[in-house]
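One-based numbering, in listed order, for ligands and for the atoms of each.
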Amino acid sequence: MRQKIVAGNWKMNTTVSEGIELVNQIVGKIEEVPESVHLIVNVPFTHLFPVSKIIGDIKCPFCKSKISLGAQNCADKEKGAYTGEVSAQMLASVSKAVGTVAGAPEGATGAAVEYVILGHSERRGYYGETNAILFEKMKLALAAGLKVIYCVGEALEERKAGKHFQVVENEIKEVLFNLTDEQMKNVVVAYEPIWAIGTGETATKEQAQEIHAFIRKTLREKFNALAEETPILYGGSCKPSNAKELFSQEDIDGGLIGGASLKADDFLAIAKSF
Ligand code: PGA
């Protein structure tokens with residue numbers, strides 16, 4: 001059975017204290033989330049450290065196992081003179097650092113930064129991230145022990161021109177087809193039609209299922225049976241009112257949620273929509 005995932009992508013929203021409050025609200029109600037569903041919060045870099053501590057401090061082991069922490073980007077270089085960049089290794093080092101804070105109990109660590117989002121259309125579009133750059137990031141993230149939420153999706157003009165399958169296929173083949181099976185086990189795919197992101201416009205369940213099935217078929221060409229285990233998330237104006245019908249589709253294994261992940265109740269309602 002494929003893992004069901006509801007991942008929040010906070011983007012460049014919330015101050016650190018607002019982010020702490022939001023994650024505390026989610027954690028406070030985490031018992032409401034069905035057993036089969038896993039939550040991920042992909043927070044801004046500045047929020048990783050306190051959120052790692054909050055998740056690391058969850059007392060009930062079952063509740064703690066239901067939520068993972070993620071980042072939204074990492075550098076395409078290992079380290080060095082790249083002002084403003086944050087490396088995959090740095091992300092992987094956050095949890096241990098939490099245990100070194102004065103007053104932390106002996107041996108304490110925070111929750112690991114377990115995931116990183118790569119290939120989001122905002123990174124591709126506004127920051128010129130090509131498939132070649134994304135493959136470099138992907139290699140470094142996986143080598144640092146992170147799991148990757150790899151985003152693909154077409155623009156409106158591409159869908160209107162009937163090119164959506166081609167666009168998505170290229171984004172998969174030029175990046176994921178360079179991975180080994182072992183690496184691919186640590187990848188989650190997110191299909192996010194650019195025309196549906198933050199617009200209120202959602203793909204219909206049929207449109208989403210059609211392309212999710214296509215993504216799985218494409219993955220099968222290279223990864224065979226592993227394609228059946230790869231979670232494929234839908235993203236783009238997913239909200240409590242439409243999550244259920246999207247998640248009922250055979251090849252939709254959950255969602256990557258932007259706007260609606262900024263309200264704990266909406267995020268949790270989406271997680272309860274399976
Ligand atoms: P949205 O964003 O839910 O606000 O449309 C989704 C995303 O970009 O990950």
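- At a heavy-atom cutoff of 4.0 Å, ligand 1 is contacted by the side chain of N9 but not by its backbone.
- The pair D253-R216 counts as a salt bridge, with a side-chain nitrogen and a carboxylate oxygen less than 4.0 angstrom apart.
- Counting atoms of ligand 1 from 1 in the listed order, those under 4.0 Å from a heavy atom of G236 are 5 (O).
- L140 approaches A75 most closely through the heavy-atom pair CD1-O, 3.9 Å.
- Taking 4.0 Å as the cut-off between side-chain N and carboxylate O, R124 and E171 count as a salt-bridged pair.
- Looking at G255, A7, G198, C238 and measuring to atom 5 (O) of ligand 1, the nearest heavy atom belongs to G198.
- When the side chain to side chain donor-acceptor pair (under 3.5 Å) test is applied to S68, the partners found at least two apart in sequence or on another chain are H38, E114.
- Here the straight-line distance linking atom CD of E174 with atom CG of N131 works out to 4.5 Å at 0.5 Å rounding.
- At the top of the distance list for atom 4 (O) of ligand 1, counting protein heavy atoms only, stands G259 N, 2.8 Å.
- In this view, K11 and E122 satisfy the side chain to side chain donor-acceptor pair (under 3.5 Å) rule, not counting sequence neighbours.
- Scanning both residues, A71 and N42, for their nearest heavy atoms gives O-ND2, 3.2 Å.
- The heavy atom nearest to atom 8 (O) of ligand 1, considering only Q72, E201, H120, is found in H120.
- In this structure, atom 9 (O) of ligand 1 lies nearest to the protein heavy atom E192 OE2, 2.7 Å.
- By the criterion of a heavy-atom distance under 4.0 Å, the backbone of A196, and not its side chain, is placed next to ligand 1.
- Considering backbone and side-chain N/O of G258, one or more are found under 3.5 Å from N/O of ligand 1.
- With a 4.0 Å cut-off on non-hydrogen atoms, K11 touches ligand 1 through its side chain and not its backbone.
- Between W10 and H47, the two ring planes are perpendicular [angle over 60°; tilted spans 30° to 60°].
- Interface of L256 with ligand 1, defined as ligand atoms under 4.0 Å from a residue heavy atom, comprises 6 (C), 9 (O).
- Not a single heavy atom of G235 sits closer than 4.0 Å to an atom of ligand 1.
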